[in-house]
Amino acid sequence: MATKTPEQINEDLLRPLSVVSPRYFIALIFFLAVVIVAVSFFGRQIYDGLGVTGLNRPVFWAFYITNFVFWIGLSHAGTLISAILRLCNATWRRPVTRCAEVITVFSLSIGASFPIIHLGRPWLAFWLFPYPSERGIWPNIRSPLLWDFFAINTYLIGSVTFLLLPMLPDFALIRDRASGFRKRVYGFLALGWRGTPKQWHRLETAMHIMAIAIIPVAVSVHSIVSWDFAMAPVPMWHSTIFAPYFVAGAIFSGIAALIIAMAGLRKFLHLEEYLRPIHFENLGKLLLVMSLLWFYFVFSERLTGWYGNEKYEMSVFWLTQRGSFSPLFWAMVFCNFILPMPILAIKKLRTITGTVIASIAVVIGMWIERFLIIVPSLAHKYGSFSWGSYRPSWTEIIITAGTFAAMALLYMLFAKAVPIIAVWELKAGQSVEREHLETVLAASEAEAGAK
Amino acid sequence: MGHQWGMVIDLDRCTGCEACVVACHAENNIATVGDKQAAGGRAKHWIRVERYYEGDFPDVRVKFMPVLCQQCDAAPCEPVCPTFASYHTDEGLNGQIYNRCIGTRYCANACPYNVRFFNFYNPVWEKPLNLQLNPDVSVREVGVMEKCTFCVQRIKAAEIKAEAEKRDVKDGEIQPACVQSCPTNAMVFGDLSDPNSQVSRMAASSRGNKLLDELGTRPKITYLQRDSWNGDENA
């Protein structure tokens, strides 16, 4: 990249914070409207009961739990990827990390709301908190749902910290350039950041600790989400492959979400010179690896299930393979593998447009994957007398749409409040590059001098 | 050791009359949900009579199998409940405490027998049906799971009476509504911890087997049936 002066970087990256276009307002109001409609449908669901959904016996979990797994999965975009890239010292990561970490925080919050939305009596969700209560009872630590509760909260606290830490210098930067009310707000958020060497050193240490700590947390979260299913004696759920399969799937969909978000930011915030084709290319390669890994997991799961030929497993197996769920199954394979594979594997196609198309397919495919894990197993659980099926109701569809709108809304608001690319990290990256260049030049000069 | 309540169901005696289903509804205040909801899979029958067909036309035999909560000793529904709404009682029942239930429905997914039922709406009894509610059994509100209790209200009543009279509960003294109403005496209820009870003796029959025994849930209901008829087969 043509090296920019620090002033130019400030200018480019802080511009979105002060300029608001009418187009932004229209989009904001649209997403807000969708969210409000979804919330009102949820209100009706609380008032009437879960009868307004398509749930029935035996399909007691469907869209809401699909959304839960889907959004928790997307949350692996950020923190995990950015932590790994940080620890590997991948220098190209610098403009990418923050928009990734934001995805984590928001999608985790949205995902974590689904276990509450899906409850029969959501007003009692706080009973999962372990606190001495008048009921004289603690939550049941044997329940995977409780493991979820702790894992997700740990991950949420961790990823919010991970997001906020590197924002301090940027808050201070905005504070120093702002005046009046804005100055007060950002001054408060900057937590007294002065940029002394001691502060930088502490920030660096804290980031390093968080980057290491967050990786096992992220892995544990999706493992535990998978155990919501794997722990129950339900055909095709009760499987040892689920934890790694879910973690791989989560990273897979997370990278796809990151690519889509980056493309949107690049276009709407005019960050063409910061989020460059190389970033999409590198993330595209990662997506390719995950696509192959995903296919490997599905293949292993299906092959061992089919070869074992256990009768209850087989009834679910054939239901997805060539029964009423087979169109969804093959759509999933198409979206997650057949379409993205060539796009991501062929260098010519691994462009920004190409990776975005592949990513959209992957996000859709991974949503279908979660649905196919949950619903067919419940629909064909053991005795054929109690088999059933499932069709979503409008309430479920609208609440699902509402969460996508909520994600867009939160992301848009965030991009107006905080520079979506870490300003100081970018500058630090450039100075590293410059130093590197200087050492190389000095070395070659010394060599020339020696001659 | 305390009582371990169990049941034997003789499938060779069952005629599929569904008197047990009706009796259960009446005893346990189970609301009907209407035809539309029932068609959508939301009917609540703590006991149901499953029909299976054996043989090819014209040599078809219809087989009936009453299925209710199997009161498993290793019940998959119990550990998964985050709030202990589903738990194991001292007398071996799979208890369900409605007031603790927050409606995750995890227990119903974990149950291999599909014998747990969810209140998708608040239950309604049209007048004058509200007058026939059993005062010994609570009604369940929207959003909670419910299931067969082996008529725990009858078990408790008999135990309290026996204690007052300073004696043990007699074999056959307790009859859940389904057992009481069965015209062919296909169902027998009693204490499995007493080796001389009728239910213990019948459960030891060579005709006996457990539903989905291979899952290791250790059900406390034993089905008796001729060898030719394999009850848990996917028909």
Side-chain angles (χ1 to χ4, degrees), chain A residues 46-61 65 115-116 118-128 135 137-149 228-229 231-235 237 311-312 315 374 377-378 380-391, chain B residues 33 37-45 48-52 65 67 76-87 97 99-122 141-145 211-212 214-217 231-235:
Chain A
I46 295 176
Y47 188 79
D48 282 347
L50 277 174
V52 299
T53 66
L55 298 171
N56 59 63
R57 189 182 68 89
V59 185
F60 285 104
W61 288 355
I65 299 296
I116 299 170
H118 105 119
L119 281 186
R121 302 202 288 176
W123 52 93
L124 298 176
F126 68 93
W127 282 1
L128 289 188
R135 293 174 299 122
I137 195 168
W138 296 94
N140 181 6
I141 196 68
R142 292 183 304 165
S143 170
L145 297 185
L146 208 72
W147 312 344
D148 260 348
F149 176 80
D228 286 348
F229 309 104
M231 292 297 165
V234 174
W237 277 15
K311 68 176 171 184
Y312 300 116
S315 112
I374 297 166
S377 285
L378 293 175
H380 274 204
K381 192 174 72 177
Y382 298 110
S384 54
F385 191 84
S386 300
W387 284 358
S389 194
Y390 167 80
R391 192 176 285 268
Chain B
V33 293
Q37 291 287 312
R42 290 172 176 179
K44 292 174 281 185
H45 306 301
R48 62 173 178 262
V49 179
E50 299 191 350
R51 288 182 308 279
Y52 293 101
M65 181 163 69
V67 176
C77 58
E78 288 167 358
V80 299
C81 177
T83 57
F84 285 115
S86 174
Y87 78 115
I97 301 187
N99 288 341
R100 285 181 188 166
C101 178
I102 59 173
T104 67
R105 308 185 295 294
Y106 199 172
C107 54
N109 288 341
C111 174
Y113 307 102
N114 277 319
V115 289
R116 292 181 151 267
F117 303 89
F118 187 69
N119 285 281
F120 285 97
Y121 289 110
N122 255 321
E141 75 165 358
V142 65
V144 305
M145 295 301 304
L211 197 53
L212 296 175
E214 69 272 26
L215 297 179
T217 52
D232 66 355
E233 197 67 46
N234 276 330

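Computed from a predicted structure; not experimentally measured. Order of the sequence lines fixes the chain letters, A, B, ..., with proteins taken first and strands second; residue numbering starts at 1 for each chain.
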Without swapping roles, check the side chain of [X] against the backbone of [Y] for a donor-acceptor pair under 3.5 Å.
{"X": "A:R121", "Y": "B:C101", "answer": "yes"}
{"X": "A:R135", "Y": "B:R100", "answer": "no"}
{"X": "A:R57", "Y": "B:F117", "answer": "no"}
{"X": "B:R51", "Y": "A:F385", "answer": "no"}

Only pairs of heavy atoms separated by less than 4.5 Å count here; which of [options] has the most with chain A?
{"options": "B:G216, B:C77, B:G40, B:A43", "answer": "B:G40"}
{"options": "B:V80, B:I102, B:T104, B:N119", "answer": "B:I102"}
{"options": "B:P82, B:C81, B:G103", "answer": "B:P82"}

Is chain A contacted by the side chain of [X], its backbone, both, or neither, given a heavy-atom distance below 4.5 Å?
{"X": "B:L215", "result": "side chain"}
{"X": "B:N99", "result": "backbone"}
{"X": "B:E141", "result": "side chain"}

- Given a strict heavy-atom distance threshold of 4.5 Å, which part of A:Y390 is in contact with chain B: side chain, backbone, both, or neither?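 Neither; nothing under 4.5 Å.
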
Given a strict heavy-atom distance threshold of 4.5 Å, which part of A:W123 is in contact with chain B: side chain, backbone, both, or neither?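 Contact with chain B: side chain only.
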
Report the option among [options] that has the most heavy-atom pairs separated by less than 4.5 Å from atoms of chain B.
{"options": "A:A125, A:P233, A:S143, A:G49", "answer": "A:S143"}
{"options": "A:P144, A:G388, A:S377, A:A232", "answer": "A:P144"}
{"options": "A:I65, A:T53, A:V59, A:D148", "answer": "A:T53"}
{"options": "A:L55, A:L124, A:L128", "answer": "A:L55"}

[X] and [Y]: which non-hydrogen atoms are nearest, and at how many Å?
{"X": "A:N140", "Y": "B:T83", "value": "CB-N, 4.4 Å"}
{"X": "A:L50", "Y": "B:R105", "value": "CD1-NH1, 3.0 Å"}
{"X": "B:V142", "Y": "A:D48", "value": "CG2-O, 4.0 Å"}

Point to revise | Heavy atoms from other residues, nucleotides or ligands near OH of A:Y47 exceed 12 (cutoff 6.0 Å) | key: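 Counting other residues, nucleotides and ligands, OH of A:Y47 stays at 12 neighbours or fewer.
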
Less than 4.5 Å apart, any side-chain heavy atom of B:Y121 and any of A:V52?
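With C-beta onward as the side chain, the pair touches.
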
Which value, rounded to the nearest 0.5 Å, describes the distance between A:Y382 atom OH and B:C111 atom SG?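 It is 10.0 Å, given to the nearest 0.5 Å.
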
Requested in this report: Answer yes if the side chains of A:S386 and B:R48 hold a donor-acceptor pair under 3.5 Å, and no otherwise.
Outcome: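 There is such a pair (donor and acceptor under 3.5 Å, judged by atom type) between the side chains of A:S386 and B:R48.
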
**Prompt:** Yes or no on side chain to side chain contact (heavy atoms under 4.5 Å, CB included) for B:N114 and A:K381, after CA distance, side-chain angles and deciding distance?
**Reply:** CA-CA 8 Å; B:N114 277 319; A:K381 192 174 72 177; 3.2 Å; yes

Can you tell me how the ring of B:Y106 sits relative to the ring of A:W61, calling it parallel under 30°, perpendicular over 60° and tilted otherwise?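 Rings of B:Y106 and A:W61: tilted, 30 to 60°.
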
